K.L.:
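Dropping a structure here in structure tokens format, bear with me for questions.
Remember, it's a predicted structure, so these values are computed and weren't measured experimentally.
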2 protein chains.
Amino acid sequence: MDLNHRKLRILRAIVDEYILSGAPVGSKVLSQNPSFRLSSATIRNEMADLEDLGYLEQPHTSAGRVPSDKAYRLYVNNMMQRSNLSADEMETMSAYCRNRVKGLDAVMRETANVLSSITHYTALVTMPENAANRLRHLQLVPLADGYALVVVVTDAGVARDAVIHVPTDMGPDELDKISRTISQRYYNCRMSELTGRLLREMGSELLDKGAFLQELADTMEAGQGANAQRIALSGANNLLDYPAYGDIDRARQLLAEIEKKDTLYRLLKNAGVVEFSFRIGSELGTDIFKDCSLVTATYRIGTTPVGTMGVIGPTRMPYGKVVTVLDYMSKSLGGILTNVLEEE
Amino acid sequence: MDLNHRKLRILRAIVDEYILSGAPVGSKVLSQNPSFRLSSATIRNEMADLEDLGYLEQPHTSAGRVPSDKAYRLYVNNMMQRSNLSADEMETMSAYCRNRVKGLDAVMRETANVLSSITHYTALVTMPENAANRLRHLQLVPLADGYALVVVVTDAGVARDAVIHVPTDMGPDELDKISRTISQRYYNCRMSELTGRLLREMGSELLDKGAFLQELADTMEAGQGANAQRIALSGANNLLDYPAYGDIDRARQLLAEIEKKDTLYRLLKNAGVVEFSFRIGSELGTDIFKDCSLVTATYRIGTTPVGTMGVIGPTRMPYGKVVTVLDYMSKSLGGILTNVLEEE
DNA sequence: CTTTAGCACTCAGCATCTTTGAGTGCTAAT
DNA sequence: ATTAGCACTCAAAGATGCTGAGTGCTAAAG
């Protein structure tokens, strides 16, 4: 007993139907589908086999069957086809592309909004980041006595800011001078190397300012990671749609988890750098997301991958449509960023 | 028939009890409270009066009474007393204060986290802003050909960034020169005046760069508002606790509304600059928030009010406790910012 | 050997009915 | 003015029964 052609066809029909209706699907509806020339009894037998093989599950004895995670996995790998979008949906996306330039934050937020409004699920977009990020500019702006704001601009277009302590005998002029020195000397230096080089090479010039230099370096190192943690989120309310009705506690857990940016970050990160990644139900690891799936896509500046966007929905989401949307949006976002950030 | 002393005492007891239990309170529980030397029948009569006066409502004939918005208003104005916090809660807040300096974003987020974790409601904190914001530094960082990143630092410690177009014949050096000129000439200039002055006074120096100057000015003007729209939000999942159980649609609406930052911004803004503001149920205007209350506090840098923080919860929230927490947190946040930002 | 008709069986979901108990308003006595 | 007492109301929680979609199995037909 293995997955012959007919079993595959039936399985596929079940997944399609279930994604569409959300209700367990029985043998009768399938037999009514004219593309099957089979009686419900025959289909029942096949379904029993599929259940034994672990592709189907039965909520209770007298209900239809529901696809298991394993079935979705098979579906996504072998049977899914991208679906076309409605004119409305296309229009939403191209309106997004026609937008004028803005701050990076705004672009990310808008990307997430479009994603969630088309899919009706929860959308996530990470800020662009890359271990190879290069320095464009660094500025120390004096605040109150003993404090300064560090602003770092990288070639990923990110302005990161943090407050650090400065020696009280360091005036605005000196801070400005240091800013220019660093900006010039380390222009285009990889951020991953910058920390070390700063400490090594500037130590002699700032002999008596060791603590200051150390804090500055630390900040830039921390900024690397911290910045990536900024994730644009949109459509969290859609989470409430699908947790089995009335199960409000479940919904709370989900929401609480979604609010923790580091959970999200880990999830998105785990996808790795692939065109598309699907993680279905149990594959997500956590029990909390046990009937959710996460589909992600990588976006690029030029040809280097710099970020991830994704959609969290129920395992029974229309994967074909979601992939189509993610594909379009990741390319659009990549295009926008490439335009603005890439040097020729 | 008016609000004599006894009626007030009864009303107060009802509100206290209802906030505590969440269930409609009947005459019997009140009469058992030893501080009343009255039979349940007498209390029933008084309660009937209070209902006629609009302070109480009855979910259905055979249930106890529930305070109306009007009752809460009276309670908040005249009867509420601040409550003490548990040792744990105090500890959470002072741990927050002991934190090392960080970026503004992080501080705001953490403030919201603490607020929501102590109150178990949804917390909001606006970024510091003020029409009197003054310029500290402006930097134009060249990106790809034809684009630059504008970074603006104000005395509210905010680094705002946006991408603008620049004429292609403007090199990095020129951009840097402009940055220094503006930073120096307009140091400490009010942001509200900056736009106008830039256009008027720099026009002659950048004769052939009119479009560029205009866009720069526009960006800074827009940044004023846009920045304020950034609101740290925490504990949205707590919204799911109180919408009448099972009423999942209601919860969705609430969440969707909360996600719209501009709604939030308006709500917080409407509070005006007062020490504390309470808006109870219908007073919030929207039907969506009809059984919610919003309590806000203003925080200051030095003595100038620069932002608002608040808590959204059910109308039956323990106002006394919430005020205590807001008071402490607004002062703490104010203190932190003042320390870092204020010039002596 | 494969397919199918037929039948007995299961069980969630829904509607209906009943019971329970907390709470009320009114009246008459204190 | 207060209160005891009583009849009344009604939501919430159980109990009961019905329905229908769906199953598994068996035996006959292809």
K.L.:
Report the residue (A:Ala48 or B:Ser39) whose heavy-atom-nearest nucleotide on DNA chain D is the more 5′ of the two.
P.N.:
B:Ser39
K.L.:
Can a side chain N or O of B:Thr42 be found less than 4.0 Å away from OP1 or OP2 on D:dT3?
P.N.:
yes
K.L.:
Check this for me, if you would: do B:Glu57 and B:Arg65 make a salt bridge, where the nitrogen-to-carboxylate-oxygen distance has to be below 4.0 angstrom?
P.N.:
no
K.L.:
Calculate the interatomic distance between B:Lys28 atom NZ and D:dT3 atom C1'; express it in whole Å.
P.N.:
15 Å
K.L.:
Write down the distance between CZ (A:Arg6) and C1' (C:dT4), rounded to a whole number of angstrom.
P.N.:
12 Å
K.L.:
How many whole angstroms separate atom CD of B:Gln32 from atom C1' of C:dA22?
P.N.:
12 Å
K.L.:
Report yes or no: does B:Ser116 contribute a side-chain atom to a donor-acceptor pair with the main-chain N or O of B:Thr122 at less than 3.5 Å?
P.N.:
no
K.L.:
Could you check whether any side-chain N or O of B:Ser40 sits under 3.5 Å from a backbone N or O of B:Lys28, counting only pairs where one atom can act as donor and the other as acceptor?
P.N.:
no
K.L.:
If I take atom CZ in residue B:Arg44 and atom P in nucleotide D:dC6, what distance separates them, rounded to the nearest angstrom?
P.N.:
14 Å
K.L.:
Return the value, rounded to whole Å, for the distance between atom CD of A:Glu51 and atom C1' of D:dG24.
P.N.:
11 Å
K.L.:
Could you verify whether a donor N or O on one side chain and an acceptor N or O on the other, from A:Asp241 and A:Tyr121, lie under 3.5 Å apart?
P.N.:
no
K.L.:
If you look at every strand shown and take non-hydrogen atoms under 4.0 Å, does B:Thr61 touch a base, only sugar-phosphate, or nothing?
P.N.:
sugar-phosphate
K.L.:
Rounding to a whole Å, what distance do you find between A:Arg37:CZ and C:dT3:C1'?
P.N.:
15 Å
K.L.:
Rounded to whole angstrom units, what separation is found between the CD1 atom of B:Ile43 and the C1' atom of C:dG23?
P.N.:
13 Å
K.L.:
Which is more 5' along DNA chain C, the nucleotide nearest B:Ala63 or the one nearest B:Asn45? Just name the residue.
P.N.:
B:Ala63
K.L.:
To the nearest angstrom, how far is B:Met47 atom CE from C:dG23 atom P?
P.N.:
9 Å
K.L.:
For A:Ser35 and A:Asn33, which I'm curious about, is there any donor-acceptor pair between the side chains at under 3.5 Å?
P.N.:
yes
K.L.:
What does B:Ser27 touch in the nucleic acid at a heavy-atom separation under 4.0 angstrom: a base, only the sugar-phosphate, or nothing?
P.N.:
sugar-phosphate
K.L.:
Does D:dT23 have its OP1 or OP2 closer than 4.0 Å to a side-chain nitrogen or oxygen of A:Arg65?
P.N.:
yes
